[in-house]
Amino acid sequence: MSEQRDVVPGFNRSDYPLAQPRMESVYGVVFVTMSARTEPLLECLGSIVETLRELVGGDGRLKLLGYQKVRYNTNWKSYTDNDGYHAPLLHQAFNLLNWQGGKGRQFTSTKRGHIGFESELSVARGDTMLEDPSIIEFKGQDPSVGSRIVSLFPTFVATKHLDVINLRFATPIDHERVEVHYAYFAHADDDEEMVRHRLRQSSNLLGPSGLISMEDASIFHRIHIGNHTPGAAIFQKGVRDKEKIEDEFLQNDESGNLPRWEYYREIMGFERRAA
Amino acid sequence: MTLAPENFNRALDDLLVADADALDSKDMQRWLSNYVEEDDASYICLSRENEEQGLALGFMYDDCHARLLDRVTYITKIWAGTFQDYRTRHFVQRVAADRIDDNTWKARSNFSVFMTPEDSGVSEVLATGQYEDLVREGADGDLKLLSRRTLLDTTVLPRYLVYPI
């Protein structure tokens, strides 16, 4: 190596390389880490990889339909608290459309604070008040894999509901704003009619102007305002033992958020206060 | 009767302004009445970024008249009372129009939409872009929208959308 002038003695160019990302993928979803210490992907995901497989059509052979991109006026942590988890009964659209929740479970895998939801599909019954109810039809084969959510620490959320396959990439802009890119997919084996169905349903159901989820965005913002009031937010529902972070929860337990906060606390080096 | 181009431009401007006013007034019945009552009447709103990549996904995808009726139901019944409201002001400018058959015209116009959320009171740009419209000319020279594609230059919206753009 040629002699370096005007630098600290002992300077070695090879000590200052470009960042060295590592990449692995599973079922078509690409993961990149900038840290040499990150464990192999399957170890990082744990059992939630099976939920992810079901979510991306069983094998991940997906075809991109397009994006919806939006900024929400909320801190990224309140966004992740409330995007994956919230009780379906809170949705006005579900009530008005006679939509009942199916059976399901909520769980965490590994100590990284990932959360998975697996629910049977429930479809609106009776009069829907919609002139075109095809928008909420389920045309998939198996209602037992009708609804899936995979929420990976810190900000990634993937959902499958009815025939919508949606991966959400969230990036904090600052402490009061988070930008979310909703990517929607069809499956490679879909016929033309199914692609069209997914396109209509994806464009109209779960995004920032979706029939069901438009109000989520509004709620993220209101919760963020509420978080400025004095005191601490406490997760209560589903907590059976104040000393323990569990890994299985009921579908509507808010305690499913605790493993993520515990992992956040740990990597930030925050002390845990006595319960 | 068919409109001469100069008369068409004036009638089109009236339609564009009527639609902008209906949206800014949040009068969804008036918004609906700007569309023809034909099965394939449509309103589709998507980012130009998607369009340029050949991706059809939109923020709103109302591809038939029944869906237009449902858009009104979303806003007036299903979503009522669930969101923090905002005012909008649409500014619309016709840039091109061509007749494509006896009673149909193709028109393109620019828009910018300002919004003022009720809670913050701070005005900002909600979206800017172009409308690509197919416009039906009625027997007495009146115009209605057959289809509208709202192409957003704004790739990332600063807020969730309640009302059509």
Side-chain angles (χ1 to χ4, degrees), chain A residues 63-74 90-97 128-136 164 166 171 173 177 179-186 195-196 198-205 207-222 224-225, chain B residues 32 39 41-86 117-120 122 124 126-127 150 152 154-165:
Chain A
K63 199 173 103 182
L64 181 65
L65 293 175
Y67 289 93
Q68 293 171 337
K69 299 182 180 179
V70 66
R71 284 187 180 186
Y72 294 134
N73 292 322
T74 191
L90 295 177
H91 283 298
Q92 178 82 338
F94 282 150
N95 295 336
L96 288 171
L97 298 172
T128 67
M129 72 198 282
L130 296 180
E131 294 290 328
D132 179 5
S134 71
I135 210 75
I136 54 172
V164 177
N166 177 216
T171 308
I173 300 301
R177 284 179 303 169
E179 183 169 311
V180 186
H181 294 186
Y182 296 70
Y184 295 89
F185 297 87
V195 171
R196 180 170 168 72
R198 288 202 208 261
L199 180 66
R200 299 175 85 235
Q201 200 164 67
S202 299
S203 298
N204 287 306
L205 212 63
S209 43
L211 166 63
I212 293 166
S213 58
M214 183 281 294
E215 68 202 31
D216 286 2
S218 169
I219 287 163
F220 299 152
H221 183 42
R222 279 187 261 194
H224 183 65
I225 294 169
Chain B
L32 184 65
D39 286 347
S42 68
Y43 172 84
I44 290 172
C45 172
L46 76 164
S47 72
R48 196 178 289 278
E49 183 184 55
N50 276 356
E51 166 95 354
E52 285 178 349
Q53 294 180 64
L55 302 171
L57 189 102
F59 283 98
M60 298 186 185
Y61 200 98
D62 298 335
D63 57 353
C64 57
H65 195 262
R67 291 269 331 136
L68 295 178
L69 292 167
D70 287 342
R71 180 66 51 194
V72 175
T73 304
Y74 282 19
I75 294 166
T76 58
K77 296 203 173 81
I78 296 176
W79 292 343
T82 68
F83 58 91
Q84 288 173 299
D85 210 351
Y86 55 94
E118 277 183 357
D119 57 333
S120 73
V122 178
E124 59 180 303
L126 176 60
T150 300
L152 304 173
T154 311
T155 309
V156 182
L157 290 174
R159 183 186 187 86
Y160 50 92
L161 283 185
V162 177
Y163 310 98
I165 297 277

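Just so it is clear: chains get the letters A, B, ... in the order the sequence lines come, proteins before strands, and each one is counted from 1.
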Problem set entry | Check against side chain to side chain contact (heavy atoms under 4.5 Å, CB included), B:Arg67 and A:Ile135 | CA-CA 9 Å; B:Arg67 291 269 331 136; A:Ile135 210 75; 3.7 Å; yes
Does some side-chain heavy atom of [Y] sit less than 4.5 Å from a side-chain heavy atom of [X]?
X        : Y        : answer
B:Leu68  : A:Glu131 : no
A:Arg71  : B:Val156 : yes
B:Leu57  : A:Tyr182 : no
B:Leu157 : A:Lys69  : no
A:Ser218 : B:Tyr160 : yes
B:Ile78  : A:Glu215 : no
B:Lys77  : A:Met129 : yes
B:Val162 : A:Met214 : yes

Exercise. With chain A, which of B:Ala56, B:Gly81, B:Gly54 has the greatest number of heavy-atom pairs at distances under 4.5 Å?
Worked result: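 Maximum pair count with chain A is reached by B:Ala56.
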Exercise. Any idea which of B:Leu46, B:Asp63, B:Ile44 has the most non-hydrogen atom pairs under 4.5 angstrom with chain A?
Worked result: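 If we count pairs closer than 4.5 Å to chain A, B:Asp63 comes out on top.
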Exercise. Salt-bridged, B:Asp62 to A:Arg200, with N to O below 4.0 Å?
Worked result: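 Salt bridge flag = no for A:Arg200 with B:Asp62.
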Check each atom of [X] against the heavy atoms of chain A and say whether the ones under 4.5 Å are side chain, backbone, both or neither.
X        : result
B:Phe59  : both
B:Gln53  : neither
B:Thr155 : both
B:Cys45  : neither

Exercise. Out of A:Ser203, A:Ser213, A:Ser202, which one racks up the most heavy-atom pairs below 4.5 Å with chain B?
Worked result: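 With the most close heavy-atom pairs to chain B, the winner is A:Ser203.
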Problem set entry | Interatomic distance, B:Tyr74 atom OH to A:Leu130 atom CG [nearest 0.5 angstrom] |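 Interatomic distance, B:Tyr74 OH to A:Leu130 CG, rounded to 0.5 Å: 6.0 Å.
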Exercise. Run the side chain to side chain contact (heavy atoms under 4.5 Å, CB included) check on A:Leu65 and B:Leu55 step by step: do they pass?
Worked result: CA-CA 6 Å; A:Leu65 293 175; B:Leu55 302 171; 6.0 Å; no
Exercise. If every non-hydrogen atom of B:Tyr61 is compared with every non-hydrogen atom of A:Asn204, which pair is closest and at what distance?
Worked result: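 Looking at all heavy atoms of both residues, the shortest contact is O-ND2, 2.9 Å.
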For this session: Against chain B, label A:Tyr67 side chain, backbone, both or neither, depending on which of its atoms sit under 4.5 Å from a heavy atom there.
Result: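 For A:Tyr67, the contact with chain B is made by backbone and side chain together.
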For this session: Dump the intermediate steps for side chain to side chain contact (heavy atoms under 4.5 Å, CB included) on A:His221 and B:Asp119, then the final yes or no.
Result: CA-CA 11 Å; A:His221 183 42; B:Asp119 57 333; 3.0 Å; yes
For this session: May I have the step-by-step check of salt bridge (Lys or Arg N to Asp or Glu O under 4.0 Å) for B:Arg71 and A:Asp132, ending in yes or no?
Result: CA-CA 10 Å; B:Arg71 180 66 51 194; A:Asp132 179 5; over 6 Å; no
